[in-house]
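First up is the structure itself, then whatever we jot down about it.
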Amino acid sequence: MLRLLWLFAVLDAVLLLDTGMLFPRESSSRELKELSGLWVFRADKSPNRNQGFERAWYKSRLAETGPVIDMPVPASYNDITQDSTLRDFIGWVWYEREVVVPARWITDEGTRVVLRVGSAHYNSVVWVNGEKVTEHAGGHLPFEAEIGSLMRKDPTRPCRITIAVNNTLTLETLPPGTIQHMNDPIKYPDGYFVQNIYFDFFNYAGIHRPVLLYTTPKVYVDDITVVTDFLDNTGFVRYQVSVKGAATATLKVTLMDKDGHCVASSNEASGVLKVVDVKLWWPYLMHENPGYLYSMESEVEVLDVYALPVGIRTVKVTNTQFLINNKPFYFHGVNKHEDSDIRGKGLDWPLIVKDFNLMKWLGANSFRTSHYPYAEEILQMCDRHGIVVIDECPGVGIKDIRSFGNASLAHHLDVMDELVRRDKNHPSVVMWSVANEPAAEMQPAALYFKTLITHTKALDPTRPVTFITDSNYARDKGAPYVDVICVNSYFSWYHDPGHLEVIPIQLNAQFENWYGKYQKPIIQSEYGADAVPGLHSDPPMMFTEEYQNAVLRSYHDIFDQKRKQYVIGELIWNFADFMTAQGITRVVGNKKGIFTRQRQPKAGAFILKERYWRLANETGRLPPWTKYPCSL
Ligand code: GCB
């Protein structure tokens with residue numbers, strides 16, 4: 001009974017968010033039309049980057065107001081052409097696409113037509129047939145607009161969608177940045193300005209995730225929240241379905257197992273579904289049947305149907321352990337980036353599947369979405385494959401004291417709202433990360449992080465919250481409020497470069513200090529070293545594969561001591577090499593990947609593979625075909 005009361009309480013808290021952002025899915029009542037492919041494109045290279053608005057480029061076809069080029073969607077635009085001014089462009093770019101929809105979408109006034117952008121970086125404004133339908137601030141989360149009535153205004157013509165996207169980062173965006181105007185005429189051309197950023201990845205821009213149109217009936221399922229629990233063999237799915245478009249609606253909720261058999265059902269908009277002989281959702285390598293998903297079908301009689309995948313699992317944190325389904329879980333995983341040749345941050349299925357195959361090959365059971373929310377399509381893969389996720393918001397590079405002001409905080413809170421609303425139902429997401437390495441030693445940071453973390457916990461009391469700190473103990477202003485301490489450190493790299501011998505003593509001190517002060521479990525959320533593939537030296541020197549190996553091995557020795565106590569995970573920095581801004585410490589990007597940017601293994605990948613499979617054998621329950629040494 002207590003358990004059920006708890007489930008009700010947490011669901012009420014989650015429901016502070018009142019509009020939904022369900023992933024678009026086809027069903028017997030919903031159709032979907034992907035707008036991936038070639039769009040028409042122009043960068044606004046006018047001196048103030050504002051000509052597009054001044055001359056209302058959205059009013060007519062883009063090709064009528066100036067030259068245009070082909071641009072694939074989804075993709076970053078930066079690496080698509082040979083033009084360095086487009087690669088490094090700052091300001092508004094314009095995308096356009098005409099679409100013809102099935103006639104029934106228009107003639108049937110009872111059909112809602114929704115335009116959805118999976119993500120566009122950073123600020124976006126959207127017009128349909130010259131009329132503004134929505135705008136959105138933030139580069140990694142979806143936004144939508146209902147456009148049916150606009151399309152019906154002139155049913156004979158195709159629907160013209162115009163999206164203007166601006167990648168400019170300011171002190172109040174997430175991540176923050178500053179625009180610096182260089183006014184010295186001896187050094188810079190007239191009107192010259194640069195974008196300063198305080199994070200270590202290329203500020204790729206454009207429409208990064210699929211744009212699509214989908215339909216729903218007028219009365220439709222707007223949002224679903226599930227919170228799960230279990231006791232012995234019984235699973236509990238506490239759910240809340242919100243319906244829009246009618247004051248009252250008759251609802252039927254059915255939970256189906258993988259074989260399509262109904263295991264529980266209800267006719268209420270909210271309640272608890274009891275699942276006998278429950279099949280829990282388990283992480284990869286922790287169980288012989290990981291990633292088990294039920295399907296929860298919500299039907300608004302007889303109008304709308306939406307099927308949500310549901311994994312039944314629990315997450316808890318003690319002061320020394322991270323528990324999934326009440327069993328200790330050790331994170332042996334990676335940090336990633338959405339990053340690849342040519343596409344930049346554009347969603348790319350071959351890359352996604354390749355990365356999952358590599359993670360499984362490696363024996364990785366988890367990753368952190370450093371340093372922003374990844375595509376929903378990736379989280380769905382995690383749900384299905386049992387890969388555990390630390391879901392990070394784009395709070396990276398918060399280094400300027402002005403970025404701790406009220407406007408920044410308000411936006412950061414909004415972004416957490418949007419992130420939790422989008423990802424709350426993914427069983428793979430086990431923790432929220434509100435920021436990476438902010439300058440948390442600054443005075444305003446204490447209140448900023450207290451507010452941010454408390455807010456996130458109120459949004460979702462079912463998941464722990466962390467914020468990622470570096471090895472500077474003075475930057476611990478968020479630590480009192482988090483559930484898990486995540487520390488990044490680069491001993492023998494940024495500190496004492498070339499001195500591998502300092503790692504054991506410094507890493508040991510790091511763990512002892514953080515645990516001694518806060519008595520919270522610790523994840524080594526980043527560690528590593530750059531290795532230029534093919535560069536060798538013995539004894540090891542910085543930037544060689546041997547040096548990367550030596551750093552990894554040295555860290556692993558200490559992890560092995562501390563994981564018996566309170567260290568609950570290790571995430572390598574980074575899964576693969578990735579592009580950064582140009583600078584004297586980066587040789588065509590960051591080379592701390594254990595895979596190259598083209599996903600080929602460096603020597604370090606084999607060290608990690610050996611280790612992760614050994615850890616999995618020690619801590620998990622492996623199916624016979626994955627026993628180490630594996631042959632995946
Ligand atoms: C860090 C950052 C990450 C960088 C990494 C590095 O601490 O969190 O974004 O890429 O170090 O390689 O410098």
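Order of appearance sets the numbers: ligands from 1, and atoms from 1 within every ligand. Quantities reported herein were computed from a predicted structural model and do not represent experimental measurements.
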Taking Arg313 for its side chain and Gly291 for its backbone only, find out whether a donor-acceptor pair lies under 3.5 Å. no

Would you please classify the geometry between the Tyr527 ring and the Tyr555 ring as parallel, tilted or perpendicular, with 30° and 60° separating the classes? parallel

Does any pair with a residue in residues 428-453 pass salt bridge (Lys or Arg N to Asp or Glu O under 4.0 Å), and if so which ones, sequence neighbours excluded? Glu441-Arg475

Give the intermediate values and the outcome of side chain to side chain contact (heavy atoms under 4.5 Å, CB included) for residues Phe356 and Cys382. CA-CA 9 Å; Phe356 271 79; Cys382 292; 3.6 Å; yes

Should the pair Asp341-Arg597 be classified as a salt bridge under the 4.0 Å nitrogen-to-oxygen rule? yes

Any carboxylate oxygen within less than 4.0 angstrom of a Lys/Arg side-chain nitrogen, looking at Glu545 and Lys602? no

Neighbour list for ligand 1 [protein residues, heavy atom under 4.0 Å]: Asp200, His371, Asn436, Glu437, Asn488, Tyr490, Tyr494, Glu526, Trp573, Phe578, Arg586, Asn590, Lys592

